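Below: the structure, in C-alpha cells.
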Amino acid sequence: MTTHGGTWRPTWVIGMPYADARDRDGPIGSLTDAELVRACLDGRPDAFDVIVERHQRTVYRLCYRFVSNREDASDLSQEVFLRAFRALHRFRGDATLGTWLHRIAVNACLTRVSAQAPATEPINADRHIDEREEPAAEQLVRAERAERVRDALAQLPEKQRAALILRVYEEMTHREIAITLGTSVGAAKANVFHALRNLKRLLGSETV
Amino acid sequence: MTHMAHSTPEELIDVVDGTRRVSSLPHLADCAACRAQLDELRATIGEVAAIDVPEPPPLYWRQLSARVHDAVERERFGAGRRIWFLGGASWDTVWPWAAAAVLVLAVLVTTRRGAERQPQRTPTSTVNLAQQDSAPSVGSVTESARVDAERAPDALNAGDSADESLIAFMQDLAESMDAEAAGVSLRPDGSVTDAAVAELSPEERAEMQRLLQDAMRGSGV
C-alpha cells in the first residue's frame, strides 16, 4: 500500500483483495487492469466489459493486421476476448493485462492465419475517412496504395507474414518473434528478410 | 582484404533494424548489389510501416463491445460453460463423464455395503414366522437362525450386488418387524430363568443372592 498526496491508495497484486468498500461501490471504470481481473474473478461480470472496452482497439488492430478485413478482425477479436475470459483465472499478473491479451491475440491470429488465407476488403468498403486532413483524391490514392500493400501482405507465406507483422507493427524483437513463432532467431530474421523481398516483388519495382 | 561473399539476410536485416552498423560490413562499401538490396529492404519496410489499420465507423466499438459481452454471457451461463479446475473444459464435454463417474461410484458403494452386511446377516437371520405365536425361546431362535444361515449363501449368490443391497435392507426391516411382532428379544424369558435357578445348589443360590444384592446396592436401586 502506498500513499499519494495523503490519500491511501492500495497497490494490489493478483491473488490479494482487490478493493476496499470504496472501490466495490464506486465506478468500476476507475479500477486498474489487475483490479478488474480480480473483480471479474470475484463474480463481477461488468468488470470484464471494462477490460474489453479498454483493450478492444489494440486487439482489433492486431487482428486486422493478420486478416486484412473488418469482419474477420471482429470475429477474431471476439475469439481473443473469449479465450481471455476462459483463461482469466490463470492470469498471474507477472505481465500487464495488455501484454497478456497481446499474446493471446497473436496466438489466435497465428491459428487463424494457418487455417485460412485472409480475404482483404475491397477499396470501396465502408470506411471512416477523416476529411479534415487531406483532400479526398489524395486520400483515395493513399487508400489504394495501402490496399495493395495489404493484399500483398496477405499473399505472403504464413510465417513470413507473421514475422513481418510482429516486427513492423508489434515492434517485437527478433528474439521475441522467434519465441512466438517457435523458430530460431536466425530463422525469424530470414523470415522478415524474405517477406520484404517477396513484398517488393508483389508490389512491383516501380511502386516502392 | 576485400570481402567477396555477399552480405547474409541476417546481416542486412540487422542493419535495417539498426542493431548492426554499416561500417561493420566492409563488403557493403564494395558491393553495389548488396547496397541496392539494403536500400530496397529499407524502402519496403517503410512502405509496410506506413500502412495503418482503417478506422472503423464510430459506433463500431460499441457494437464490438456488445458482441463480446453477449458471447461472454453465453459462455458464463450457457451450455458451453467452462470449468476452471478442469483446465477450462466445458460442461458439454464433462457431464457424460461426470454421470458415468457417479454411476460407477454408486455401484461401488452399493457393492461394498452389501458385502459388509452379508456376514452380519448369517447369525441374526430371520426369525421363523411360524414361531411367533409360541414366543420362542433363545434356543429355538438360534436354531432357526442357524438353519436359515445355511440356506442363505445359495440365495445370496444368485442376485447381483444391487439386488443384494435391496435384499439386505428388506431383510433388516423384516427382522425388526418380526422381532417386535413376536416379542422376541435376546434376553431369556422367565421359564428359562426359573429352570436355571432350580438347578443351583443352596451355596450357589446364596452366593448369587449376595452378588445380586451387591449389584443392586452399587446401582443405587
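Bear in mind the structure is a predicted one, so any value in this text is a computation, not a measurement.
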Q | Part of A:Val149 lying under 4.5 Å from any heavy atom of chain B | A |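 For A:Val149, side-chain heavy atoms alone lie under 4.5 Å from chain B.
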
Q: Check whether any side-chain heavy atom of B:Val15 lies under 4.5 Å from a side-chain heavy atom of B:Arg42, and answer yes or no.
A: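 B:Val15 vs B:Arg42: side chains touch.
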
Q: Check whether any side-chain heavy atom of A:Glu53 sits under 4.5 Å from a side-chain heavy atom of B:Trp61, and report yes or no.
A: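 No, too far: nothing below the 4.5 Å cut-off.
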
Below 4.5 Å from any heavy atom of chain A, which atoms of [X] appear? Answer side chain, backbone, both or neither.
X: B:Asp14; result: side chain
X: B:Ile51; result: both
X: B:Gln63; result: neither

Q.
Can you tell me if A:Arg83 has over 12 outside heavy atoms packed within less than 6.0 Å of its CZ?
A.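 Correct, the count exceeds 12.
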
(Q) Please determine whether a side-chain nitrogen of the Lys or Arg among A:Arg44 and A:Asp46 lies less than 4.0 Å from a carboxylate oxygen of the Asp or Glu. (A)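 Answer for the salt bridge query: yes.
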
Q) Taking NZ, NE, NH1 and NH2 as the nitrogens, is one of them in A:Asp42 or A:Arg38 under 4.0 Å from a carboxylate oxygen of the other? A)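 Salt bridge between A:Asp42 and A:Arg38, a charged N being under 4.0 Å from a carboxylate O: yes.
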
Highest number of heavy-atom pairs under 4.5 Å with chain B: which of [options]?
options: A:Leu88, A:Leu82, A:Val185; answer: A:Leu82
options: A:Lys189, A:Arg57, A:Arg65; answer: A:Arg57
options: A:Gly186, A:Ser77, A:Pro45; answer: A:Pro45

Who among [options] has the most heavy-atom pairs with chain A under 4.5 Å?
options: B:Leu41, B:Thr19, B:Leu12; result: B:Leu41
options: B:Glu73, B:His69, B:Arg67; result: B:Arg67
options: B:Val16, B:Ile45, B:Ile13; result: B:Ile13

Q. Looking only at atom types and distance, does a side-chain atom of A:Asn198 sit under 3.5 Å from a main-chain N or O of A:His194, one as donor and one as acceptor?
A.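 Checking the backbone N and O of A:His194 against the side chain of A:Asn198, a donor-acceptor pair under 3.5 Å is found.
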
**Q.** Whether B:Glu11 side chain and B:Thr8 backbone form a donor-acceptor pair below 3.5 Å
**A.**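 Such a contact is found between B:Glu11 side chain and B:Thr8 backbone.
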
